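Everything numeric here is computed off the predicted structure, so don't read it as measured data.
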Amino acid sequence: MKKIEAIIKPFKLDEVKDALNAIGVQGITVTEVKGFGRQKGHTELYRGAEYVVDFLPKIKMEIIAPASLVAKIIETIEAAAKTGRIGDGKIFVTPVEEVVRIRTGERGEAAI
């Protein structure tokens with residue numbers, strides 16, 4: 001099993017979610033986060049004062065999936081989240097040792 005974490009632009013969330021639903025992904029955890037990479041933030045004007053916005057709003061999606069589906073999930077997220085501009089995000093894949101469904105006690109892939 002693998003954990004796929006994707007950091008994407010907020011306005012792409014619905015598009016990515018719909019694309020993942022279309023390939024049969026059922027469980028997704030979504031968190032609103034802030035961060036920056038090469039984008040380095042930007043300056044804004046508020047009530048006549050200029051200030052720097054260092055951390056930009058992003059969406060972090062987390063998916064636990066069998067290793068056999070990881071390549072398809074990555075392709076799907078990449079295609080749906082891509083705008084071609086800086087700040088499109090990143091995808092991280094890490095191994096997952098164990099998953100336990102609390103309600104039933106199921107373990108492993110059965111718990112996904």
Identify each donor-acceptor pair in which a side-chain atom of residues 27-34 lies under 3.5 Å from a protein atom, sequence neighbours left out, and give them as a table.
none

Which pairs would a plain distance check flag for residues 96-112, meaning a side-chain donor or acceptor within less than 3.5 Å of a matching protein atom at least two apart in sequence or in another chain?
from, atom 1, to, atom 2, distance (Å)
E98, OE1, G108, N, 3.2
R101, NE, E106, OE1, 2.7
R101, NH2, A110, O, 3.4
R101, NH2, A111, O, 3.2
T104, OG1, E106, N, 3.3
T104, OG1, E106, OE1, 2.9

Would you list the atom pairs, donor with acceptor, under 3.5 Å between side chains in residues 61-74 and any protein atom, with sequence neighbours excluded?
from, atom 1, to, atom 2, distance (Å)
E62, OE2, K3, NZ, 2.9

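Checked against salt bridge (Lys or Arg N to Asp or Glu O under 4.0 Å), K12 has the following partners two or more places apart in sequence or in another chain: E15.
Residue I91 is not grouped with residue L56 when hydrophobic side chains (ILVMFWY) are merged at heavy-atom distances under 4.5 angstrom, including chains of intermediate members.
Here I23 contributes atom CD1 and D18 contributes atom CG; the two are 12.0 Å apart, rounded to the nearest 0.5 Å.
For residues 73-87, the side chain to side chain donor-acceptor pair (under 3.5 Å) pairs, not counting sequence neighbours, are T83-D88.
Clustering of Ile, Leu, Val, Met, Phe, Trp and Tyr by side-chain heavy atoms under 4.5 Å joins F92 with I7.
Minimum heavy-atom separation, A6 to I77: CB-CG2, 3.9 Å.
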